[in-house]
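Lettering of chains follows the sequences in order, A, B, ..., and the numbering in each one begins at 1.
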Number of protein chains: 2
Amino acid sequence: MNEQRSIRAKSGANQEGTGAHNRRVIIDALRVNGALSRADLARATGLTKQAVSNLVETLENEGLVASEELVRKGRGQPSTPYRLVAEGAYSIGLQIDRHVSRVIVVDLVGNILARATAKVPPRSPEEGAEVVLDLLAGVRTEFAAGRPDAEARIAGIGVAMPGPFGVEIADDSLWLMQAWQSFPLLDRLAAGTGLAVSLQNDAAACATAERMLGAAHGLDHAVCIYIGYGIGAGLILGGELYSGAHGNAGEIGMVLFGGPDRLTPLEHRASIASLYGVLGIDPADPGQFDKLDALVLGGDRRVGEWIARAAHDLRLAVHTAETLFDPQTVILSSGVPGSLMPRLIAAIEPLRPSLSPTASRTIPRLRLGMTDPWAVAIGAAADPIRRAFDPSFSAILKRQGE
Amino acid sequence: MNEQRSIRAKSGANQEGTGAHNRRVIIDALRVNGALSRADLARATGLTKQAVSNLVETLENEGLVASEELVRKGRGQPSTPYRLVAEGAYSIGLQIDRHVSRVIVVDLVGNILARATAKVPPRSPEEGAEVVLDLLAGVRTEFAAGRPDAEARIAGIGVAMPGPFGVEIADDSLWLMQAWQSFPLLDRLAAGTGLAVSLQNDAAACATAERMLGAAHGLDHAVCIYIGYGIGAGLILGGELYSGAHGNAGEIGMVLFGGPDRLTPLEHRASIASLYGVLGIDPADPGQFDKLDALVLGGDRRVGEWIARAAHDLRLAVHTAETLFDPQTVILSSGVPGSLMPRLIAAIEPLRPSLSPTASRTIPRLRLGMTDPWAVAIGAAADPIRRAFDPSFSAILKRQGE
DNA sequence: ACGAATAAGTCAAGCGATTTGACTTAATAA
DNA sequence: TTATTAAGTCAAATCGCTTGACTTATTCGT
């Protein structure tokens, strides 16, 4: 090898890549717009009718799209709309959280087909991997029952864990799940399941879910602030999930905010961990959400105070995110169901003035996204589908993942 | 037309696009690595020897690359390195600042070939456009003298102005150059020069310059904080300049920082405008930099206090940028020459702990970039070259600019 | 000194995917 | 009833990368 000095260069492209890209563009267009005819697709993508026709035929043979009824909409031959076939692909999501693991199976359009949970021993990843593999195996057999050929259509396993990843010096006040992070979980899962495994942090997973099914559907520039036990932001920049040079972009929970009195990480005042600390709720308690919602609905004073403090910092966080990323919208999502998040978002308003144009704006600056304990698991499951079917720069190049 | 509901889709790709992309990849590799042989290029890009050979032959015929002397480096046939030809393309940069306009001509590798300045009447864009067009015409004739065929090789005019753009409600404390912004300057310049004209804000221009020639050379993830009369950040994310949904990403000068006492936009405490306010220097004074440097070198107390305040806020700004963008490095650039910036950067250190890995790090977390009144103009000139010759997702697609 | 090994680069045919332009089909509008 | 409009197909052309064999030039080992 001639590698005295290592040569850095971007990857070239070839026809195979353009074909793959165009297939993804077709799928993306159907996902965003619903059913479209080949002529519509040709106009929307800039490809020729013939190219689209070939692509659609291939996709139909692969079972990824199917035709609907003829549509007569004026002069000319009626058009045949095509839509995505939900059963065209499946994906497994695995969320490893501090106190619980969740596994979920979704199809190409995001329908949930199976799910299961397990408690994970927090300090033993070896044992935890066994638990998780059992959980996966159970859900897979449940899923496979009555779906003879579905196994081959599983795009992979998406794993979501709290970030940040690869951090050497830990702040003791943050629970970094370091034992999990040093454990080669992905290899173990890949070996144990025979499927491709990918990893993202929980905020990125939530953003992936919001983009596939939620408030960021069809948007190319969005910041998704995820409030879980910790806080992070999933970044959709230029139509792609952005994860930074080391995979830790968007760790807004570590950013210092605060008012006149003090300067603290966002996470210290606006995370569910901080709320649970105030209320004395055990995050391992299965009934935590019911207890919390009772307190919220009961007008508990401590909840009100937490909301006020959290909203203050989040207002700054939204301002910072808007100013730095200039997104189409900011989405606030959470794993906490019920009435907490609507009250929190109401307390954040009114937002600080923003730079972005207001007159031409059709999307609200701040929107409530999913408030569902399964949001991250859904996003984890969406990740393999995104990787396999969404248009992206790297997917068009010869060597992937650059 | 069948446009009842507008259909959104990403653009398809074709062979023409892959060819264009591969040409850009070759040029980029030569820019980042210096001279490379065809075999080196083939290995680095993942393309075949034959594909690279054809591309290099085309580029050589177009006058963009040229061969160097044979290199014997071991067994096997000696290789022929190719390098970029400086005279292969030219570009014009125009910086419109609050008190001065600068025009500069650079070549493909960033050599400065001509430059000129003019005072711009700040409140009259019509008159200002005339001044700028005269300036451009003068520099163009100076540049064309002795370069017979160079005119046809001008990639375009890059314009840099202070942002943000398209803002409706202005904060009176910020000088937004609104009169300039509502004026159709780009059209006027395009009509008056017959060249393609593009626009970016001054921080983005500075980042473009740092990436082509400076501290971000060859990096794909960098945040470039530009301290000029105002403050902004140019973002290089995933190998491309990121400008957000409305072109205003990176406006870090508007972000609220501050310590226990108060919360103010970064710009209020760390911009040159704030320093000049303290020192009573007139930003329209041609001798401003000499006066400032004398005060800095003379140990002026007010300068020391400003540095302390600015460094405090900038330390927070760097922390925020590192946490949200997870870049390879943060670069601090300025239009102010002399000893101010080295002292400021020294005052910012030590940085707050970061999430990014420290063991594997080869690039410093914070680096001093250009400190040159011409930095933004150079970046403005680099923009047309970037658009024409750098690999990017949009350049591979059929319809550009999405 | 000489042959083997190694590597750069070329040649010519092949191939994959889009494009082109003509054509067919089917509906509405006049 | 006919012209017009639009969807979709057919077959050939084209573009750019790939493949595999080949040539050339240099160093290494004996």
Side-chain angles (χ1 to χ4, degrees), chain A residues 1-4 7 11-26 35-61 65 67-82 395-399, chain B residues 1-4 7 11-26 35-61 65 67-82 395-399:
Chain A
M1 293 273 197
N2 174 20
E3 292 285 358
Q4 310 101 317
I7 298 171
S11 170
N14 58 12
Q15 294 91 306
E16 203 176 334
T18 78
H21 170 75
N22 289 342
R23 261 197 302 282
R24 286 166 183 255
V25 166
I26 300 288
L36 294 175
S37 70
R38 304 180 193 199
D40 285 337
L41 285 166
R43 277 187 296 267
T45 61
L47 294 167
T48 60
K49 282 187 299 182
Q50 190 57 50
V52 169
S53 228
N54 298 340
L55 290 164
V56 168
E57 189 185 353
T58 309
L59 291 170
E60 189 170 23
N61 290 337
V65 307
S67 58
E68 297 188 336
E69 296 235 312
L70 282 184
V71 169
R72 272 165 274 267
K73 56 182 169 188
R75 257 185 208 186
Q77 178 167 321
S79 62
T80 314
Y82 283 80
I396 209 171
L397 305 179
K398 292 190 70 174
R399 296 170 313 190
Chain B
M1 297 269 197
N2 174 20
E3 292 285 0
Q4 311 101 314
I7 298 171
S11 170
N14 58 12
Q15 293 93 307
E16 201 177 337
T18 81
H21 170 73
N22 289 341
R23 261 197 303 281
R24 286 166 183 254
V25 166
I26 299 289
L36 293 175
S37 70
R38 303 180 194 199
D40 285 337
L41 285 166
R43 276 188 296 268
T45 60
L47 294 167
T48 60
K49 282 188 299 182
Q50 190 56 52
V52 170
S53 229
N54 296 340
L55 290 165
V56 167
E57 189 185 353
T58 308
L59 291 170
E60 190 170 24
N61 291 337
V65 307
S67 57
E68 296 188 337
E69 296 234 315
L70 282 184
V71 169
R72 271 167 271 270
K73 56 182 169 189
R75 258 185 207 183
Q77 177 166 322
S79 62
T80 312
Y82 284 79
I396 210 172
L397 306 178
K398 293 190 69 174
R399 295 170 312 190

Any side-chain donor-acceptor pair under 3.5 Å between B/E57 and B/N61? no
Counting distance only, does the side-chain N/O of A/S11 pair as donor-acceptor with the main-chain N or O of A/K398 below 3.5 Å?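 Yes; at least one donor-acceptor contact below 3.5 Å.
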Whether B/N22 side chain and A/A13 backbone form a donor-acceptor pair below 3.5 Å: yes
Atom [atom1] of [X] and atom [atom2] of [N]: how far apart are they, to the nearest Å?
| X | N | atom1 | atom2 | answer |
| --- | --- | --- | --- | --- |
| A/L59 | C/dA17 | CG | P | 13 Å |
| B/Q77 | D/dC28 | CD | C1' | 17 Å |
| A/K49 | C/dT25 | NZ | P | 15 Å |
| B/Q50 | D/dG20 | CD | P | 14 Å |
| A/L36 | D/dG8 | CG | C1' | 16 Å |

Hey, does A/A51 reach any base, or is it just sugar-phosphate, or nothing, if we go heavy atoms under 4.0 Å?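 The answer is base, as A/A51 lies within the cut-off (heavy atoms under 4.0 Å) of a base atom.
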Which part of the nucleic acid, if any, lies within reach of A/N54 when heavy atoms closer than 4.0 Å are counted: base, sugar-phosphate only, or nothing? base
OP1 or OP2 of [N] under 4.0 Å from side-chain N/O of [X]:
| X | N | value |
| --- | --- | --- |
| A/K398 | D/dT18 | yes |
| B/R75 | D/dC28 | no |
| A/N22 | C/dT18 | yes |
| A/T48 | C/dT19 | yes |
| A/R38 | D/dA7 | no |
| B/R23 | D/dG16 | no |
| A/S53 | D/dT9 | yes |
| B/N14 | D/dC15 | no |

State, yes or no, whether a side-chain contact exists between A/R38 and A/T80 at a heavy-atom distance under 4.5 Å. no
Residue B/E16 excluded, over 12 heavy atoms near CD under 6.0 Å: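 Counting other residues, nucleotides and ligands, CD of B/E16 stays at 12 neighbours or fewer.
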Any donor-acceptor N/O pair under 3.5 Å between D/dC17 base and B/Q15 side chain: no
Residue whose closest nucleotide on DNA chain C lies nearer the 5' end, A/R72 versus A/A20: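 Its nucleotide being nearer the 5' end, the pick is A/A20.
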When you match A/S79 and A/A13 each to their closest nucleotide on DNA chain D, which lands nearer the 5' end?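 Result: A/S79.
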